[in-house]
Number of protein chains: 2
Amino acid sequence: MAGTIKDIAKHTGLSLGTISKFINGGRVREANRDKIERAIKELDFHVNEIARGLKTSKSKTIGIIIPSMENFFCTSLISRVEKHLSKHGYSGIICDYQEDPQMEKEKLVFLINKMVDGIIIVPSGDTQKEIQQVLDRGIPVVTVDRILPDIACDSVVVDNFKISGEAVEYFVGQDHRRIAIICGPRNISTAEERLNGYLAVHEKFRLTVDPDLIQFGDYYMQSGYELCRRLLDLPEPPTAIFATNYDITLGVISALNERNIRIPEQLSLIGFDNLNLSKVIKPALSLVVQPMDQLADATTKLMLERLEGTLQGIPQLVKFEAELVIKDSVISPLHK
Amino acid sequence: MAGTIKDIAKHTGLSLGTISKFINGGRVREANRDKIERAIKELDFHVNEIARGLKTSKSKTIGIIIPSMENFFCTSLISRVEKHLSKHGYSGIICDYQEDPQMEKEKLVFLINKMVDGIIIVPSGDTQKEIQQVLDRGIPVVTVDRILPDIACDSVVVDNFKISGEAVEYFVGQDHRRIAIICGPRNISTAEERLNGYLAVHEKFRLTVDPDLIQFGDYYMQSGYELCRRLLDLPEPPTAIFATNYDITLGVISALNERNIRIPEQLSLIGFDNLNLSKVIKPALSLVVQPMDQLADATTKLMLERLEGTLQGIPQLVKFEAELVIKDSVISPLHK
DNA sequence: CTAAAAACATGAAACGTTTCATGTTTGAGT
DNA sequence: ACTCAAACATGAAACGTTTCATGTTTTTAG
């Protein structure tokens with residue numbers, strides 16, 4: 001059906017090499033250029049990227065692996081990453097592993113087979129061995145949002161320790177003493193750091209840490225919902241909750257709504273990630289906002305530089321500051 | 001770096017054909033199987049899907065084109081589609097065209113060059129010619145959420161006319177007479193149908209249609225925000241608003257919040273798409289929920305059947321019912 | 001034990017490109 | 001008009017698979 005380079009050659013009477021050169025932006029005689037252009041139109045020719053990839057062993061394709069396509073942080077990240085990649089002639093194959101490390105491994109293999117030139121990943125943390133194997137094959141890997149302790153590869157993250165500390169400290173400044181945190185899975189560096197920020201502030205102000213106020217969930221709304229209920233059912237419930245990702249934030253709000261607990265009068269809340277959410281929730285929600293554009297920029301830049309070879313040698317760790325956006329969801333419990 | 005089929009052949013002393021047969025699940029002598037398996041381990045062999053694709057002219061890859069990666073409806077749709085595809089040995093290359101028909105065309109070409117076996121698309125409506133060209137190349141196309149009037153291809157949609165009518169009729173039943181609708185772009189079939197449902201109900205109840213109450217936006221939050229403000233600024237503002245997609249719904253809520261307009265006491269609202277949203281918003285939001293699983297199932301099924309050849313001939317139009325989930329965001333304006 | 005059938009192995013050709021060493025044309029300078 | 005670079009064209013080989021017609025081995029049945 002589709003014309004190939006050979007058809008163009010036959011049609012124009014020129015050689016394969018000439019057509020190939022033209023296709024790739026090389027110089028050809030004016031007369032030939034016209035002929036080729038006409039033939040391309042006529043035969044509806046499109047480069048077969050598969051064949052090209054086989055020859056060049058560059059697929060001009062980056063694998064992108066994320067925990068879930070329904071995760072707001074991930075989709076807004078990869079949307080931006082894709083935009084940059086395509087600007088540089090690359091495309092992304094996006095895979096979600098549905099938070100399942102086994103599936104994450106499969107996707108890794110899949111992408112290798114697809115001959116991707118590099119992999120950008122938001123890793124589960126349970127596939128370090130497999131990621132190392134990818135690196136061993138000479139395929140660059142950039143992790144985003146999370147770092148992998150045993151892996152020497154480029155990473156782009158936010159200073160989770162610091163921003164978490166800021167959020168908790170803001171609670172403390174508003175006289176809160178029973179501050180709960182709902183964390184993500186323990187093996188994710190990001191979750192760990194956010195917890196550490198929480199603990200550090202407690203240490204700094206010499207507040208006692210009540211283990212009941214520290215809950216670990218997965219990064220799903222359901223989890224936020226359940227853990228929030230658990231917190232509310234405590235003999236001495238918290239006066240403030242720090243929800244450490246977007247879906248958990250949603251879950252917390254839905255639990256509070258269900259029990260008709262008013263924010264911030266009855267309970268203060270700081271959420272995470274989606275600035276739009278703060279406009280939609282009433283009262284306006286205070287939350288931690290991550291610099292999505294910066295994260296995406298840095299990630300793509302790192303990957304492209306590794307691919308072009310302009311960046312070599314030791315892995316880079318790029319760290320950005322998140323921002324605490326204060327709105328109306330926190331007040332002092334003493335003002336009741 | 002990576003071992004090829006040839007290396008395996010050399011390493012085992014067997015022929016290329018045998019290795020190939022084994023890789024593809026064919027039968028080989030037991031002794032040979034062992035040898036091959038050992039060699040594969042040893043040489044860390046992975047099939048080069050690029051080379052395979054070149055030979056078979058099947059990439060086992062489906063192109064998926066959506067308006068935006070930040071569109072909730074789209075991401076939840078493709079997340080499910082991907083899941084099904086990978087279950088059947090296919091993978092998806094996901095492209096978003098950022099609501100830009102020009103970019104949509106580029107993505108179409110890109111996917112053709114990538115030799116995708118089929119394309120699943122949520123089309124802008126402005127690329128019918130290009131989509132026809134894809135079909136002319138013998139590549140199956142399935143449109144989801146929207147149909148293309150001039151194109152004969154499979155489509156999976158929701159009965160937008162009907163559900164929109166139900167929503168508006170619900171307003172009418174609650175004594176609303178000034179009902180606003182915020183539609184999507186006019187050239188999108190889905191938007192058109194939702195408007196038609198609105199008009200039909202007005203006709204049915206012999207209500208006058210005030211053109212001021214019909215607003216057209218794009219499917220972004222900002223648009224919902226602005227158009228909602230415009231509605232509120234009308235000399236005689238609506239008593240109810242029907243927001244016809246998720247982002248518009250968010251925009252409407254944020255505009256209402258900004259002006260401290262209470263739902264439903266001061267204004268009734270029916271939103272769209274995200275059931276979780278209704279739990280997070282207070283009061284619980286009534287909304288139209290689309291059967292995402294069914295949409296995704298049908299889409300994938302149609303595509304796979306076209307690819308396997310089990311479905312041939314005239315295009316199928318699969319239509320599902322959406323559901324109106326009533327919560328607390330609508331009351332009669334007379335009960336004020 | 002033998003012949004025929006069944007099961008498996010072989011290797012060259014092909015898929016649509018790019019590459020590169022070699023060949024041909026062009027036109028500037030004299 | 002001739003020479004010589006410079007500019008461009010040529011076509012065979014290669015990328016890593018699959019395919020298929022043919023060849024070889026194993027199994028089965030008589």
Side-chain angles (χ1 to χ4, degrees), chain A residues 1-37 39-40 43-61 89 109-110 112-117 137-139, chain B residues 1-37 39-40 43-61 89 109-110 112-117 137-139:
Chain A
M1 186 88 234
T4 79
I5 230 182
K6 280 186 193 164
D7 300 325
I8 305 276
K10 228 170 280 170
H11 199 267
T12 57
L14 296 167
S15 78
L16 280 187
T18 307
I19 314 295
S20 175
K21 208 208 291 186
F22 173 83
I23 302 278
N24 290 286
R27 302 184 57 80
V28 300
R29 260 188 260 290
E30 182 136 359
N32 292 341
R33 174 150 51 75
D34 293 350
K35 273 199 266 182
I36 298 176
E37 276 173 348
I40 288 181
L43 303 179
D44 187 27
F45 168 80
H46 289 257
V47 174
N48 182 330
E49 297 279 359
I50 299 275
R52 173 182 282 175
L54 176 58
K55 190 63 221 202
T56 60
S57 51
K58 299 254 150 296
S59 60
K60 285 280 177 180
T61 298
V109 170
F110 167 77
I112 297 302
N113 291 359
K114 282 276 182 199
M115 300 273 117
V116 294
D117 298 339
R137 289 175 90 89
I139 298 172
Chain B
M1 187 88 231
T4 78
I5 229 182
K6 281 185 192 165
D7 299 325
I8 306 277
K10 227 170 279 167
H11 200 266
T12 57
L14 296 167
S15 76
L16 279 187
T18 307
I19 315 294
S20 174
K21 208 209 291 185
F22 174 83
I23 303 277
N24 291 285
R27 301 185 58 79
V28 301
R29 258 188 261 290
E30 182 136 357
N32 292 341
R33 173 149 52 75
D34 293 349
K35 272 200 265 183
I36 298 177
E37 277 172 349
I40 287 181
L43 302 180
D44 189 27
F45 168 81
H46 289 258
V47 174
N48 181 330
E49 296 280 357
I50 301 272
R52 172 182 282 174
L54 176 59
K55 191 64 217 189
T56 60
S57 49
K58 298 253 152 297
S59 61
K60 284 281 177 178
T61 298
V109 170
F110 167 77
I112 297 302
N113 291 359
K114 281 278 183 197
M115 300 273 116
V116 293
D117 298 339
R137 289 175 91 90
I139 298 172

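What you are looking at is a predicted structure, and each value in this text was computed from that prediction instead of being measured. The chains referred to below are lettered A, B, ... by the order of the sequence lines, with proteins before strands, and numbering in each begins at 1.
Here B:Leu14 lies in heavy-atom contact (under 4.0 Å) with sugar-phosphate atoms only. Among the atoms of the strands shown, only primed sugar atoms or phosphate atoms (P, OP1, OP2) are found under 4.0 Å from some heavy atom of A:Phe45. Heavy atoms of A:Ser57 sit nowhere under 4.0 angstrom from any nucleic acid atom. Residue contacts for B:Thr18: at a heavy-atom cut-off of 4.0 Å it reaches a base atom on one of the strands shown. Nucleic acid contact for A:Thr56: sugar-phosphate only, since backbone atoms but no base atoms lie under 4.0 Å from a heavy atom of the residue.
In this model, the phosphate group of D:dT10 is approached by a side-chain N or O of A:Ser15 to a distance below 4.0 Å at OP1 or OP2. Taking 4.0 angstrom as the limit, A:Asn32 places none of its side-chain polar atoms (N or O) nearer than this to OP1 or OP2 of D:dC8.
Summarising the geometry, the separation between CZ on B:Arg29 and P on D:dT26 is reported as 6 Å, rounded to the nearest angstrom. The distance between atom NE2 of B:His46 and atom P of D:dC15, rounded to the nearest whole Å, is 20 Å. The nearest whole Å value for the distance from the CZ atom in B:Arg27 to the P atom in D:dT27 is 12 Å. As rounded to whole Å, 11 Å separates atom C1' of D:dC15 from atom CD1 of B:Ile50. One interatomic measurement links the two molecules: NZ of B:Lys6 to P of D:dG16, which rounds to 6 Å at whole-angstrom precision. Rounded to a whole Å, the CD atom of B:Glu49 is 15 Å from the P atom of D:dG16. The nearest whole Å value for the distance from the CZ atom in B:Arg33 to the P atom in C:dA7 is 16 Å. One can place CD1 of A:Ile8 at 14 Å from P of D:dT10, the figure rounded to the nearest angstrom.
Counting heavy atoms from C-beta on, the side chains of B:Ile36 and B:Leu14 come closer than 4.5 Å. Contact check for B:Ile5 versus B:Leu16: side-chain heavy atoms found under the 4.5 Å cut-off.
Residue-to-nucleotide proximity on DNA chain C shows that, of B:Glu30 and B:Leu54, the 5′-proximal contact is made by B:Glu30. Projected onto DNA chain D by closest heavy-atom contact, B:Lys55 and A:Lys55 fall at different nucleotides, the more 5' of which corresponds to A:Lys55. Each of B:Asn48 and B:Gly17 lies near DNA chain D, and the nucleotide nearest B:Asn48 is the one positioned closer to the 5' end. Toward the 5′ end of DNA chain C lies the nearest nucleotide of B:Val28, the other residue of the pair A:Ser20 and B:Val28 mapping further downstream.
Taking every side-chain heavy atom of B:Ala51 into account, D:dT17 is the closest of C:dT18, D:dT17, C:dA9.
Residue B:Leu54 comes nearest to A:Ile50 through the heavy atom pair N-CG2, 3.5 Å, listed as atom of the first residue, atom of the second, then distance. Looking at every heavy atom in both residues, A:Ser59 comes nearest to B:Lys114 through O-NZ, 3.0 Å.
Environment of CZ in A:Arg33: crowded, with over 12 heavy atoms of neighbouring residues, nucleotides or ligands closer than 6.0 Å.
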